[in-house]
There are 2 protein chains.
Amino acid sequence: MTTQATALATRPGAELDQLLAAASDAAPALRATRPDDRARMLRSVAEALESAAEELVPLAAEETNLAHARLTGELKRTTFQLRLFAEVVEEGSYLEAMIDHADAEWGMGPRPDLRRMLVPLGPVLVFAASNFPFAFSVAGGDTASALAAGCPVIVKGHSGHPRLSQLCAELVREGLTAAGAPDGAFALVSGTETGVEALRDQRVKAASFTGSVPVGRRLHDIAATRPTPIPFYGELGSLNPAFVTRRAVAARGEHIAHGFVASYTLGAGQFCTKPGFLFLPEGHGLDAALVDASRAVEGARLLNDRITEGYAGAIEALTAIDGVEVLVAPRRTTDGVVTPTLVRTTAATLAERADELLEERFGPATVVVEWADGDDLLAAAELFEGNLTATIHAEDDDAQALAPLLALLEERAGRLVWNGWPTGVSVTWAMHHGGPWPATTASIHTSVGTTAVRRYLRPVSYQDTPHALLPEELRDDNPLGLPRRVDGVLRLAAGGA
Amino acid sequence: MTTQATALATRPGAELDQLLAAASDAAPALRATRPDDRARMLRSVAEALESAAEELVPLAAEETNLAHARLTGELKRTTFQLRLFAEVVEEGSYLEAMIDHADAEWGMGPRPDLRRMLVPLGPVLVFAASNFPFAFSVAGGDTASALAAGCPVIVKGHSGHPRLSQLCAELVREGLTAAGAPDGAFALVSGTETGVEALRDQRVKAASFTGSVPVGRRLHDIAATRPTPIPFYGELGSLNPAFVTRRAVAARGEHIAHGFVASYTLGAGQFCTKPGFLFLPEGHGLDAALVDASRAVEGARLLNDRITEGYAGAIEALTAIDGVEVLVAPRRTTDGVVTPTLVRTTAATLAERADELLEERFGPATVVVEWADGDDLLAAAELFEGNLTATIHAEDDDAQALAPLLALLEERAGRLVWNGWPTGVSVTWAMHHGGPWPATTASIHTSVGTTAVRRYLRPVSYQDTPHALLPEELRDDNPLGLPRRVDGVLRLAAGGA
């Protein structure tokens, strides 16, 4: 299997050109597939991945240093996600089908018959992430949602898990082929240069990315400034502040401390939703709990050497900042195992040294910030730019007083977590995984949850088009039983127009 | 009134800064307005505009050279549009409210309570167009949809109709104030430099533009490459090809010729949907009809001198292309009145000289392209980049044979018009006014129709948030009676979760 899989990786130039041509050729065929065909493809890919779980998980563990249990859970999430998108495709709301019948009495003057739905953009380029080798990689959410939309996918695999990427790519192709997908519907490429060349290629109609701010910024600018700009959906970085009220500390301080430590050290702190800042009221008395819990966390190897170096550098810089006190210092062992880092500072210091302090630190490091009063907290929250999440721990009696903080955080984050922790992103209809820059490059979109499919679709309106030439989705008799808006009125699935 | 109105225009620097600060301050208040409040604001603006129709139309005519009847219709469209967005706000689907209750049995593992809706982005900068002094200017679709979304609006007025812009701005403010909108919800600025400075300002969260490809490209790149990139919704240019079958010529050639001439000369050809290319089968025999109808069109003055110069230059270049035959030459009179230009070429010449021929020519000019067989037509259609519209004139018996052309045009245009003409864009739920680059900078969005509101909204998910702090839109009892998706199932307005 490995030999075949290796053949899926590619280099820039003629090889890439061939894959892009195949993707471009596959686009009309994939677009023409019926919803049940496409749902079958997604489920077939899920099955192919599941059938190889015993090979996938150990390989992922070997290449990423992540624990088997975590990887098994992530693989389950990945196959669940593929099946959820199959449901999305079958349900059909995502097409936003609308029919406005001709109306001679329309308020601004007679209107023609107009029928609108969303159609796929065409080949999508997905830059895989290192930290979720299944869920944000070759067969992850971007791939699943692009295929659900009816777009061919070219994944630029992450160099951190090349063999896993190739195996996953083979399984995706196997699943797609078994379900009758057109050739060219999926390909894997590798290498930075190849990724950039593909991003510049006119056959690529949209791109997605999960990674760092500098790389994401560079790719975003390439996508935006090419002769024909394309949408670029990048998830770049997030600090995920968590705010705790006095009442919450009084009611369940220890519980919060333990939950926090579990969250910031989960997956060795290599989640984009890791809480990087915990705001506690002065005199919280939780130092011992935080320190003990952090010290109790087993050391772990990070995803790769580059990230391990980055973590060491970030901790060095963090602990050197004036006004930052180290509560738990990292122990770095010779075998590359790292342990948590916990530092403390004040809201005043944060305000003074925001430029140095407000940085994402990839790995199990976090900053406790002590605040003195409510205004302090609000002022500190204002320092944050866009984030994927913001968390509040509070008691019911705090609710009224917290409204201003909540309003402020709504402007700065894509998901507000109440009395919980931001790690562990559920894949559901109502999940939003996104946020204002620099959390993402496109805050009006999500990379997780069913609405992620929207990123790869564009509307087309058909004016006075004969039924014989209309897509089934827009015919009066509604053969696909779609939910549609007819003459401005939303109608549930079933029944014609 | 004129004196007051003049005070609304502004310059870069401190004056602009003050307006941006006011817009930024107004954002939370506008966001906090209830749907019925916001609907009232939109209707109040419509009323203010209507009440001043007798002043507005002559002023618009004076500044744009457009006819009174056309301007009266455009004003009607503009006020209709504001009221339609009021309906959109009241209906509430646009919020995409979703509730996923906590579920311990969720397939990928227990999920928390998640509730998602769209919230306004914040201050929106609108670059007004010259060619629709009402519908795509100060109080046009971009402004209406941004206000509907709950975003403050700053319009960079078009220099082509400065006094009208100021009067409209005053009426918009009057309408907003009467309906209780916060100060700072709307402002007008003027001048290219001011517009660019505003576009670079961090308080501006999105921008919209209608205009030329070079200017749109420049502004798009500024928006995309600022330190914090923002969405830029630009409508840049479109050729709007129309394809006619042999059967259609045989059945109603003269009718098509007349309809075409009326469409390409409507508003003196200054519409973004003007059909710039008409594909006729060889031997169509419609030369006389096309020529006579074009000659019968009265001359008209274009929007301004710059456009008049541009038209003259474009015609000179067009008629100098090898293989282009002039059927109707423009008469240009001393008082700036221009008349239609009609040229003819072949599909073969178009293929050979696509770079020169496939250009937008603002004004009453168009190109007839003669094709020999169906493959010829398909090959010609493939030469086109993104367009707002593509038109087909055919008979029922053509339907089957035209499927490949239709599929090709779906990839290249936002609206497909059957046996009609692309000019005259109706404002409805199912209208799409957009298309692949260079028709627009963001093909997944529309600038006309009710879904235009989506451009100014981003999702937020609330995880396990107490009811007391949830937006009304997401409370179980559904006090606003919104259509919502609950646990994956779409529910029509009314009833709780």
Asks: Which residue, B:Val417, B:Thr389, B:Leu416, B:Thr391, forms the side-chain contact (heavy atoms from CB on, under 4.5 Å) with A:Gln463?
Replies: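 Result: among B:Val417, B:Thr389, B:Leu416, B:Thr391, B:Val417 is the only option passing the side-chain contact (heavy atoms from CB on, under 4.5 Å) with A:Gln463.
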Asks: I'd like to know which of B:Arg415, B:Glu87, B:His433, B:Gln400 tops the heavy-atom pair count under 4.5 Å against chain A.
Replies: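 The residue among B:Arg415, B:Glu87, B:His433, B:Gln400 with the greatest pair count is B:Arg415.
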Asks: For each of B:Pro110, B:Gly107, B:Gly434, B:Pro229, tally heavy-atom pairs with chain A at distances under 4.5 Å, and name the one with the top tally.
Replies: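 Result: the option with the highest number of such pairs is B:Pro229.
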Asks: Of all of A:Arg83, A:Arg226, A:Gln81, which one pairs up most often with chain B through heavy atoms under 4.5 Å apart?
Replies: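 Between A:Arg83, A:Arg226, A:Gln81, the count favours A:Arg226.
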Asks: Classify the ring geometry between B:His445 and A:His445 as parallel (under 30°), tilted (30 to 60°) or perpendicular (over 60°).
Replies: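 Aromatic pair B:His445/A:His445 classed tilted.
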Asks: Under 4.5 Å heavy-atom distance to chain A, tell me which part of B:Asp221 shows up: side chain, backbone, both or neither.
Replies: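 The answer is the side chain of B:Asp221.
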Asks: Looking only at non-hydrogen atoms, find the nearest pair between B:His220 and A:Ala224 and report the distance.
Replies: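 It is CE1-O, 2.9 Å.
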Asks: As an exercise: rank A:Pro231, A:Pro120, A:Ser93 by heavy-atom pairs under 4.5 Å with chain B and give me the winner.
Replies: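 Sorted descending by pairs with chain B, the first entry is A:Ser93.
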Asks: What part of B:Thr465 is in contact with chain A, defined as an atom under 4.5 angstrom from a non-hydrogen atom: side chain, backbone, both or neither?
Replies: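 Interface part for B:Thr465: both.
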Asks: Against chain B, label A:Leu457 side chain, backbone, both or neither, depending on which of its atoms sit under 4.5 Å from a heavy atom there.
Replies: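 Looking at A:Leu457, just its backbone touches chain B.
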Asks: Between the main-chain N or O of A:Ala430 and the side-chain N or O of B:Ser461, is there a donor-acceptor pair closer than 3.5 Å?
Replies: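 Pair found, side chain donor or acceptor close to backbone of A:Ala430.
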Asks: Of all heavy-atom pairs between B:Met431 and A:Arg116, which one has the smallest distance, and what is that distance?
Replies: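 Distance-wise, the nearest heavy atoms are O-CD, 4.3 Å.
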Asks: Between A:Thr428, A:Asp464, A:Asp103, which shows the greatest number of heavy-atom pairs under 4.5 Å with chain B?
Replies: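 Between A:Thr428, A:Asp464, A:Asp103, the count favours A:Thr428.
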Asks: Closest heavy-atom contact between B:Trp429 and A:Arg485?
Replies: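 Closest approach of B:Trp429 to A:Arg485: CE3-CD, 3.2 Å.
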Asks: If you round to the nearest 0.5 Å, how far is CZ of B:Arg454 from CD of A:Glu96?
Replies: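 Reported to 0.5 Å precision, the distance equals 4.0 Å.
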Asks: Between CH2 of A:Trp106 and CG of B:Leu84, what distance do you get to the nearest 0.5 Å?
Replies: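 Reported to 0.5 Å precision, the distance equals 5.0 Å.
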Asks: In Å, rounded to the nearest 0.5 Å, how long is the span from CG of B:Leu121 to CD of A:Glu411?
Replies: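 The CD atom of A:Glu411 is 11.0 Å from CG of B:Leu121, to the nearest 0.5 Å.
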Asks: Any idea which of B:Arg31, B:Met117, B:Arg77 has the most non-hydrogen atom pairs under 4.5 angstrom with chain A?
Replies: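 Max contact count across the listed options: B:Arg31.
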Asks: Would you mind checking which part of B:Leu408 comes under 4.5 Å of any heavy atom in chain A, side chain (CB onward), backbone (N, CA, C, O), both or neither?
Replies: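 Neither part.
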Asks: Can you tell me which of A:Ala394, A:Ser443, A:Ala468 forms the most heavy-atom pairs within a distance under 4.5 Å of chain B?
Replies: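 Top count of heavy-atom pairs under 4.5 Å with chain B: A:Ser443.
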Asks: A side-chain contact here means heavy atoms from C-beta on lying under 4.5 Å apart; do A:Arg458 and B:Pro436 qualify?
Replies: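 Counting from C-beta outward, A:Arg458 and B:Pro436 do come under 4.5 Å.
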Asks: In Å and rounded to the nearest 0.5 Å, what is the CD1 to CD1 distance from A:Ile230 to B:Ile444?
Replies: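 With rounding to 0.5 Å, CD1 (A:Ile230) is 12.0 Å from CD1 (B:Ile444).
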Asks: Side chain from CB out, backbone as N, CA, C, O: work out which of these in A:Thr441 comes under 4.5 Å of a heavy atom of chain B, or both, or neither.
Replies: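 A:Thr441 has no heavy atom closer than 4.5 Å to chain B.
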Asks: For A:Leu118, which atoms come within 4.5 Å of any heavy atom of chain B: side chain, backbone, both, or neither?
Replies: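 Contact with chain B: none, neither part.
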Asks: B:Thr451 versus A:Met98: any side-chain heavy-atom pair under 4.5 Å?
Replies: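 B:Thr451 reaches A:Met98 side chain to side chain.
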Asks: Among B:Tyr462, B:Phe232, B:Tyr456, who wins on heavy-atom pairs under 4.5 Å with chain A?
Replies: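 Most heavy-atom pairs under 4.5 Å with chain A: B:Tyr462.
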Asks: For the residue pair A:Ala413 and B:Val460, what are the closest heavy atoms and their distance?
Replies: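 Closest heavy-atom pair between A:Ala413 and B:Val460: O-CG2, 4.0 Å.
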Asks: Which pair of non-hydrogen atoms, one from A:Pro227 and one from B:Arg217, has the smallest distance, and what is that distance?
Replies: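 In this case the closest contact between A:Pro227 and B:Arg217 is O-NH1, 2.9 Å.
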Asks: Would you say the side chain of A:Leu492 lies within less than 4.5 Å of the side chain of B:Leu492, judging by non-hydrogen atoms?
Replies: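 Sidechains of A:Leu492 and B:Leu492: in contact.
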Asks: Heavy-atom distance under 4.5 Å to chain A: side chain of B:Thr225, backbone, both or neither?
Replies: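 Looking at B:Thr225, backbone and side chain both touch chain A.
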